[in-house]
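In this text, all values refer to a predicted model and were calculated from it rather than measured experimentally.
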2 protein chains.
Amino acid sequence: MATDRRAGTGTNQEAVRRHNLGTLLRHVHRAEQVSRAELTSVMGLNRSTIAGLVGELESLGVIERGVPAGGRRGAGRPSAGVALTDQGPYVIAVDLGVDRVSVARIGLGGTVQQRNRAPIEGVAEAWQVGSSVATLIRGVVEDAPASAPLVGIGISVPGLIRRSDGLVRLAPNLEWHDVSFGSIVLAALGLDVPISLANDADLGALAEHERGVGVGVDDLIYVSGNVGVGAGVISAGRRLEGAGGYAGEVGHLRFNPAGKPCHCGNRGCWETEVGAHAIAAAIRCPEDKVPQLGEVLDSFTEPTKELRVIGGHLGSGLASIVNAFNPQMVVLGGYFRALYTLVGAEVNRGLAERALPAPLESVTLSLPGLADDSVLFGAAEIAFEPLFVDPVAALGTALVDVRSRLAG
Amino acid sequence: MATDRRAGTGTNQEAVRRHNLGTLLRHVHRAEQVSRAELTSVMGLNRSTIAGLVGELESLGVIERGVPAGGRRGAGRPSAGVALTDQGPYVIAVDLGVDRVSVARIGLGGTVQQRNRAPIEGVAEAWQVGSSVATLIRGVVEDAPASAPLVGIGISVPGLIRRSDGLVRLAPNLEWHDVSFGSIVLAALGLDVPISLANDADLGALAEHERGVGVGVDDLIYVSGNVGVGAGVISAGRRLEGAGGYAGEVGHLRFNPAGKPCHCGNRGCWETEVGAHAIAAAIRCPEDKVPQLGEVLDSFTEPTKELRVIGGHLGSGLASIVNAFNPQMVVLGGYFRALYTLVGAEVNRGLAERALPAPLESVTLSLPGLADDSVLFGAAEIAFEPLFVDPVAALGTALVDVRSRLAG
DNA sequence: GCCTTTCGTTCATCCGAACAACCAAATCCC
DNA sequence: GGGATTTGGTTGTTCGGATGAACGAAAGGC
């Protein structure tokens with residue numbers, strides 16, 4: 001079972017049921033459409049046990065019988081499909097970007113049921129952004145079935161989030177310090193639901209691991225190029241968080257001690273070479289378009305000499321990451337996606353030059369499989385998480401008829 | 001239960017028993033002397049369940065009733081102690097150092113029952129080292145009780161070890177490439193027992209986490225200064241291995257692109273500034289004493305100017321590690337222990353200058369709690385590991401009467 | 001159209017954790 | 001010092017839930 005941070009605990013029998021129920025639901029969530037036969041083989045449990053678990057989840061209204069999913073071809077009775085219900089649980093995913101905020105209502109299976117977005121004008125106060133987010137949330141729950149339970153809200157923030165309580169320690173672009181953004185959003189909504197915050201790169205990694213290019217890859221790193229540079233690390237299939245939750249801050253790795261000054265107070269951080277401002281300067285992109293650096297880069301058909309150099313720096317810095325974490329896959333998110341499309345050769349070369357042979361041979365660089373929605377899906381995943389740890393408890397505390405509650 | 005790499009599995013009832021039996025034994029192993037009452041509270045199981053588990057382990061000959069361990073003071077019947085038996089299972093731990101190899105017979109609880117060491121002369125062939133290790137092993141099992149089962153052999157290697165099969169991909173000091181050292185040792189012994197190999201820094205981290213300064217610290221990094229520089233990472237209480245098992249290779253982090261050439265083919269790796277050869281050059285230590293750099297540094301009473309600079313570099317590099325992994329504790333092993341004792345102030349300053357405030361505030365630098373034996377104890381831990389995953393199975397396959405088998 | 005294969009369903013079984021009752025061994029307190 | 005109290009080991013029972021066998025259902029293969 002999923003030993004969380006607290007290890008050394010014994011397993012009692014309720015925990016077994018919780019765990020099995022949760023992992024079964026997790027499998028359905030991942031595959032969206034599974035057969036019971038697949039579940040028995042994947043989970044290593046008996047047919048009748050699976051039947052019991054499926055029955056319980058059916059009575060909870062989470063799943064229903066699906067079409068006899070044509071997974072296997074051959075003789076034998078086809079296995080009954082397990083499908084997600086329309087009125088099933090959903091979450092609210094919030095992606096706080098640099099210049100815009102995206103909100104989506106996402107159901108089990110990762111289906112976006114409704115989405116909405118709004119720009120963020122310049123540097124905004126937390127309460128302003130919070131009320132904007134609240135408005136967007138009201139929008140996306142409008143058409144939600146009244147009986148469908150809201151499991152929680154997941155918020156991606158481009159900054160350092162304290163693991164213990166979700167406090168935003170630092171969000172450089174937003175100029176936030178120690179902001180309890182979760183409480184702000186809940187206050188603006190007038191609701192009390194489970195709310196989780198996490199770093200954008202961490203969520204990108206999670207989403208790409210769950211439903212992107214990294215499915216089946218248990219050691220992957222999502223390197224996010226936003227205005228800042230950060231990384232989310234999945235190791236052995238779980239998120240690498242670190243003691244405070246700040247793991248993966250690779251933007252300030254020492255890159256060139258004789259380099260440019262960085263806003264962190266040092267000189268020659270990696271970010272000063274491959275950060276958005278550095279790239280913008282190299283391609284003479286006006287400052288106000290920096291938040292849309294990805295699109296700006298997309299408009300290039302040929303890489304410039306400056307971009308090639310930056311590509312090499314990107315690869316060279318990735319080499320440090322590959323050496324340190326030994327991932328099987330590195331997903332290049334944010335504007336790195338566009339950059340890699342342009343100067344992939346230089347990135348690969350920079351990586352190959354500096355990485356050690358052993359970790360190098362098992363790593364591949366990839367583009368995100370979820371395009372620009374990685375982070376949003378990641379936010380949905382952390383919000384769903386309690387449901388997979390204990391479905392019965394999570395559904396018990398979930399909120400029904402959210403629309404009318406929000407109206408009041 | 002301890003989900004290994006394979007996630008998504010259901011829990012059946014045998015697994016529950018295995019897990020509970022294993023974690024109970026792990027607790028006894030960690031504490032050496034626990035009361036049953038402590039076990040009930042730590043493991044969250046019922047008194048009678050603990051009694052059943054303890055009974056089973058007693059009948060396996062692993063533990064026995066101990067003195068009524070005086071943990072709690074106050075009213076009430078004192079809880080019976082659970083102690084380890086003399087004839088209980090043991091492992092062989094091997095620490096392959098730069099210039100010497102240490103071998104120990106270690107029992108549950110981490111008690112060194114017998115130990116032995118031999119020098120390694122210059123660059124040695126793997127088979128030579130293998131037969132030397134085999135001889136040392138024969139030595140340390142000499143006085144082992146005939147009925148005590150040998151669970152396995154754990155070997156620490158200063159190099160890159162492939163996780164899947166324990167192949168030594170690269171051991172720079174020994175000049176080994178792709179050496180199946182485990183098979184070599186087993187062949188030299190004429191035995192077939194479970195054998196595990198791992199990187200020395202990884203094992204240092206494990207040992208300091210289990211029984212050193214890092215007890216209770218779930219996110220720690222052991223930075224090992226041997227001839228090369230490497231790190232072992234414990235995150236959320238488990239070893240960070242990476243896809244191939246090479247995670248933590250921080251010696252070749254990019255430190256100063258204009259720096260000295262490194263044996264890895266690049267320029268300015270961190271190792272070129274804080275590696276043994278760099279330090280030896282700075283203090284004019286003769287080349288042949290480099291393997292004993294720790295003792296050489298211990299003989300200093302005052303730090304030289306050169307050492308202060310190196311201390312700063314050490315701290316500066318640690319900052320990258322702290323940013324990337326966000327550990328709660330960094331343990332400075334190998335000659336870094338002596339170096340930190342000399343120039344701790346400079347190390348701290350270098351770290352504080354370059355690390356981000358958030359990860360910095362929760363990290364502390366420490367000296368190893370197990371002195372020079374961290375790695376050796378780590379080797380014991382990985383050898384014991386199967387015993388805590390499934391005690392019954394591990395004892396079933398364990399080897400009894402090893403001495404006479406080795407004689408034949 | 002029958003055999004084979006695979007799977008859902010049902011029921012009995014079994015394993016092991018939990019619970020309750022009882023007894024044992026210490027401290028506390030008058 | 002002796003009962004009250006508190007804590008914990010022991011024992012027998014209960015109960016939850018995974019398992020296994022038996023049977024029927026739904027497909028493909030010939």
Check: Roughly, in whole Å, what's the span from CD1 in I50(A) to C1' in dC7(C)?
Finding: 13 Å
Contacts under 3.5 Å, N or O only, protein and nucleotides 16-20 of chain C:
from, atom 1, to, atom 2, distance (Å)
dG16(C), N2, Q13(A), OE1, 3.4
dA17(C), OP1, N20(B), ND2, 3.4
dA17(C), OP2, R17(B), NH1, 2.6
dA18(C), OP1, N12(A), ND2, 3.4
dA18(C), OP2, N46(B), N, 3.2
dA18(C), OP2, T49(B), OG1, 3.2
dC19(C), N4, S48(B), OG, 2.6

Next item on the list: Rounded to the nearest angstrom, tell me the gap between atom CD in E38(A) and atom P in dG8(C).
Entry: 11 Å
Checklist line | Helical bend (five base pairs per end, nearest 10°) for the helix from dG1(C)-dC30(D) to dC30(C)-dG1(D) | finding: 20°
Check: From dT9(C), dA25(D), dG8(D), pick the nucleotide closest to the side chain of R77(A)?
Finding: dA25(D)
Notebook entry, point to check: Between L387(B) and L108(B), is a side chain to side chain contact (heavy atoms under 4.5 Å, CB included) present by the stated rule, with each step listed?
Noted result: CA-CA 10 Å; L387(B) 196 61; L108(B) 275 172; 4.0 Å; yes
Check: Contact class for A51(B) (heavy atom, under 4.0 Å): base, sugar-phosphate, or nothing?
Finding: nothing
Note to self: On DNA chain C, does the nearest nucleotide to A75(A) precede the nearest nucleotide to R36(A) from the 5' side, or the other way round? Give the residue.
What the structure shows: A75(A)
Next item on the list: State, yes or no, whether a side-chain contact exists between L45(B) and L53(B) at a heavy-atom distance under 4.5 Å.
Entry: yes
Notebook entry, point to check: If we ignore angles and hydrogens, is there a donor and acceptor under 3.5 Å between the side chains of S374(A) and E208(A)?
Noted result: yes
Item checked: Result of checking V400(A), D401(A), V402(A) against L150(A) for side chain to side chain contact (heavy atoms under 4.5 Å, CB included) -> V402(A)
Note to self: Looking at A383(B), is its backbone amide N or carbonyl O close enough to the side chain of S196(B) to form a donor-acceptor pair, meaning the two atoms are under 3.5 Å apart?
What the structure shows: no
Notebook entry, point to check: Between I106(A) and Y90(A), is any pair of side-chain heavy atoms under 4.5 Å apart?
Noted result: no
Check: Within the side chain of R211(A), is there an N or O that forms a donor-acceptor pair under 3.5 Å with the backbone of G109(A)?
Finding: yes
Checklist line | side chain to side chain donor-acceptor pair (under 3.5 Å), paired with E210(A), selected from H29(A), R30(A), R26(A) | finding: R30(A)
Check: L21(A) CG to dG17(D) C1': how many Å, rounded?
Finding: 12 Å
